Structures are given as structure tokens and as C-alpha cells.
Trainee: 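The following block contains the structure, expressed as C-alpha cells.
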Amino acid sequence: MAVADAAARESIDALSRSAPAGTLIPRDAEIGLAEAFGVHAIFAYRPDAAECSRRGLAGTPPLTRPDLLELLMGLPVGESVPVDSLSQSEQRALRSAPKGVLTRKNKTATRHAVQPLQIDLALVPGRGWETAMEKAESFTPFCARAILVDRPLRRRQDAMMQADFYGIGLLTITGDELDVLVAPRPFVRRRHTVAGWRFLENMYGQLAAAR
């Protein structure tokens, strides 16, 4: 990564503690380093403590199979559903579900698994704002986005205008000074999708392992 991992983590963590609540990331968010879509980024996230604990006790791995996630999205949490009411493809996904995802009893299935965490911000470090901004666009469907540039900005006004137009936060770091030139646009989830849940599961697999 263009910015040293330790320095980036320390800077964002300090900002999350000192800034007024909600201005960049929630005060209760955790900070982690992970990779998605070929992009290494710093993520501010909030685990679902109950779900993470439940999965840990059951030995449930990250759920990344699209067919299984599609099935789970169609099942209510904690309510029994007759297995024969499911399609053949749904029943195949049901049979291959890992331990801890759901239970089967008396020809019914009951879903337990929910999304294990929430991603509040993906922060992409970079030496140049244009390249970092292109990478940050990968996270547009999933969370708020920002970039962190570790050197004086070229074409500063252009950078700020582009960041504001696309809703991407623009942060710069010089020595120990961290400046928020453009705040990231808050993320608004329009709909729940398999791709969105799968993204969270991939993040869970990396961030939980690093905690």
C-alpha cells in the first residue's frame, strides 16, 4: 500500500476518536485492513457481536456461495419454512449449507445466519488522487468511500471538485497531520442484493481473522 499500514491505521483511528460523532465514521467502528476487487483498503466496520459469536461457536465459515445467499435472502430469520415449498435449486443450496447457517427439523428449515458486520467506510490510500479515486469507485454499491493521499495534491482544486462530484471523501496526510478536504457522502442502501451480502462475507473473513 502507498501509505504505511501502521501509519494509516493510527491516523484514521485517531480521527474516529477525536472527530464529532458521525462526521466521518462512527465512534464505535473498528478499523481493519483488507482487500476486495483487487484493491487494498482500510475499512471502518461494525461487527454484529451476537452473530459473530454464534458463528464462532458453530464453526461457521464466511458464506460466499451465491446460491446459498440467494436462498437465505428468501428465508425469514428464526421462522420455520416447509422444505417442500422451496425450489429444487433452493433445496440443493439448503443441503449444502455449512453448520450454523440454519437448522432442519420435521421437514422444515429455520434460518439463523444474518449479515455478520456493517461496513461504514472504505478508505483507499494512494500517492495520486486520480488513481486512488478510480480504485475507490469499486466500493460504490457497498459503502461510503474515501481516499487518503500521502503527499501534496497536484491540481488541488480539481481533486476537490472531482471528489465532491462523485461523493468520495478526500483526505490528505502530511507527517502527523490528517486533513479532511472533502467529507465522504453518506452511503444509502437502495436494496439488498446477493453481491452486497457476499461483499460483507468476504470482509468478515478477512477482518475477523485479523482481530
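Computed from a prediction, not measured in an experiment: that's the story for all the values here. Throughout, residue positions are numbered sequentially from 1 according to the sequence presented.
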Trainee: Measure the shortest side-chain to side-chain distance between Phe199 and Phe37 over non-hydrogen atoms and say whether it is less than 4.5 angstrom.
Mentor: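 Sidechains of Phe37 and Phe199: in contact.
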Trainee: Between atom CG of Leu170 and atom CG of Asp164, what is the distance when rounded to the nearest 0.5 Å?
Mentor: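 That separation rounds to 10.5 Å.
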Trainee: How many angstroms lie between CG in Leu33 and CG in Leu123, if you round to the nearest 0.5 Å?
Mentor: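 The CG atom of Leu33 sits 10.0 Å away from the CG atom of Leu123.
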Trainee: Specify the closest pair of heavy atoms between Ala34 and Leu207, including all atoms of both residues, with the distance to one decimal.
Mentor: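 Heavy atoms of Ala34 and Leu207 come nearest at CB-CD2, 4.1 Å.
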Trainee: Rounded at 0.5 Å granularity, tell me how far CH2 in Trp129 sits from CD in Glu134.
Mentor: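 Answer rounded to 0.5 Å: 9.5 Å.
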Trainee: Do the side chains of Leu200 and Ile119 get nearer than 4.5 Å, heavy atoms only?
Mentor: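 Yes, side chains in contact.
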Trainee: Compute both the distance and the angle, then confirm whether Arg189 meets the cation-pi test with Phe142: under 6.0 Å from the six-membered ring centre, within 45 degrees of the axis.
Mentor: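 Relative to the ring axis of Phe142, which defines the angle, Arg189 lies outside at least one limit.
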Trainee: I'd like to know whether CE of Met73 has more than 12 heavy-atom contacts from other residues, nucleotides or ligands below 6.0 angstrom.
Mentor: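 Result for CE/Met73: enclosed.
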Trainee: Can you tell whether the side chains of Arg198 and Glu201 come within less than 4.0 Å, N to carboxylate O?
Mentor: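 Between Glu201 and Arg198 there is no salt bridge, as every charged N stays at least 4.0 Å from the carboxylate O atoms.
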Trainee: Give me the atom names and distance for the closest heavy-atom approach of Trp197 to Ala113.
Mentor: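 Nearest heavy atoms, Trp197 then Ala113: CH2-O, 4.1 Å.
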Trainee: Return yes when atom OH of Tyr166 has more than 12 non-hydrogen atoms of other residues, nucleotides or ligands closer than 6.0 Å, and no otherwise.
Mentor: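 It does not: Tyr166 OH has 12 such atoms or fewer within range.
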Trainee: Would you say that more than 12 heavy atoms from the other residues, nucleotides or ligands in this model lie under 6.0 Å from the CZ of Arg154, or not?
Mentor: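 Open: at most 12 neighbouring heavy atoms sit under 6.0 Å from CZ of Arg154.
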Trainee: Do Ser80 and Thr110 have side chains that approach each other closer than 4.5 Å (heavy atoms only, starting at C-beta)?
Mentor: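 Sidechains of Thr110 and Ser80: in contact.
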Trainee: How about Leu72 and Leu63: do any of their side-chain heavy atoms sit closer than 4.5 Å?
Mentor: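 Heavy-atom side-chain distance check passes, below 4.5 Å.
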Trainee: May I ask you to say whether Glu137 pairs ionically with Arg145, meaning some side-chain N is under 4.0 Å from a carboxylate O?
Mentor: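 Judged by the 4.0 Å cut-off on N to carboxylate O distance, Glu137 and Arg145 do form a salt bridge.
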Trainee: Given side chains that start at C-beta, do those of Tyr204 and Cys52 come closer than 4.5 Å, heavy atoms only?
Mentor: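 The answer is yes; the side chains approach within 4.5 Å.
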Trainee: Any side-chain heavy atom of Leu75 within less than 4.5 Å of one from Leu86?
Mentor: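 Result yes, sub-4.5 Å side-chain heavy-atom pair found.
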Trainee: Could you check whether Phe187 and Phe139 have their ring centres less than 6.0 Å apart?
Mentor: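 Phe139 vs Phe187: aromatic centres not under 6.0 Å.
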Trainee: Quick test of your reading of the model: are Arg155 and Glu130 salt-bridged, counting only N-O distances below 4.0 Å?
Mentor: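 Result for this pair is yes, salt bridge flagged.
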Trainee: Roughly how far, to the nearest 0.5 Å, is the SG atom of Cys143 from the CG atom of Asp120?
Mentor: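 Those atoms lie 8.5 Å apart.
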Trainee: Hey, what do you get for CD (Glu51) to CG (Leu117), rounding to the nearest 0.5 Å?
Mentor: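 Rounded to the nearest 0.5 Å, the CD-CG separation comes out at 10.0 Å.
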Trainee: Counting only pairs under 3.5 Å, give me each side-chain donor-acceptor contact of residues 94-105, with atom names and distances, residues two or more places apart or in other chains.
Mentor:
residue, atom, partner, partner atom, Å
Ser96, OG, Arg65, NH1, 3.4
Ser96, OG, Arg65, NH2, 2.6
Ser96, OG, Arg92, O, 3.2
Ser96, OG, Ala93, O, 3.2
Thr103, OG1, His112, NE2, 3.2

Trainee: Evaluate the criterion side chain to side chain contact (heavy atoms under 4.5 Å, CB included) for residue pair Met203 and Phe43; output intermediate values, then yes/no.
Mentor: CA-CA 9 Å; Met203 291 297 95; Phe43 292 91; 3.6 Å; yes
Trainee: How close do Ala29 and Ala44 get, counting heavy atoms only, and between which atoms?
Mentor: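 So the two residues come closest at CB-CB, 4.3 Å.
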Trainee: Of all the heavy-atom pairs spanning Ala109 and Val83, show the shortest one and how long it is.
Mentor: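 Closest heavy-atom pair between Ala109 and Val83: N-CG2, 4.0 Å.
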Trainee: Any side-chain heavy atom of Leu148 within less than 4.5 Å of one from Asp150?
Mentor: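 When only atoms from C-beta onward are counted, Asp150 and Leu148 do not touch, as no gap falls below 4.5 Å.
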Trainee: Step through the shown structure and confirm whether more than 12 heavy atoms of other residues, nucleotides or ligands are within 6.0 Å of CG on Asp28.
Mentor: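 More than 12 within 6.0 Å, yes.
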Trainee: Considering all heavy atoms of both residues, which atom of Arg55 and which atom of Pro116 are nearest to each other, and what is their separation?
Mentor: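 Taking every non-hydrogen atom into account, NH2-CD, 3.7 Å.
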Trainee: In the structure I gave you, are the side-chain heavy atoms of Ile147 and Leu171 within less than 4.5 Å of one another anywhere?
Mentor: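 The answer is no, as the side chains (C-beta and beyond) never meet within the 4.5 Å cut-off.
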Trainee: How long is the gap from OH on Tyr45 to CD on Gln206, to the nearest 0.5 Å?
Mentor: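 With rounding to 0.5 Å, OH (Tyr45) is 11.0 Å from CD (Gln206).
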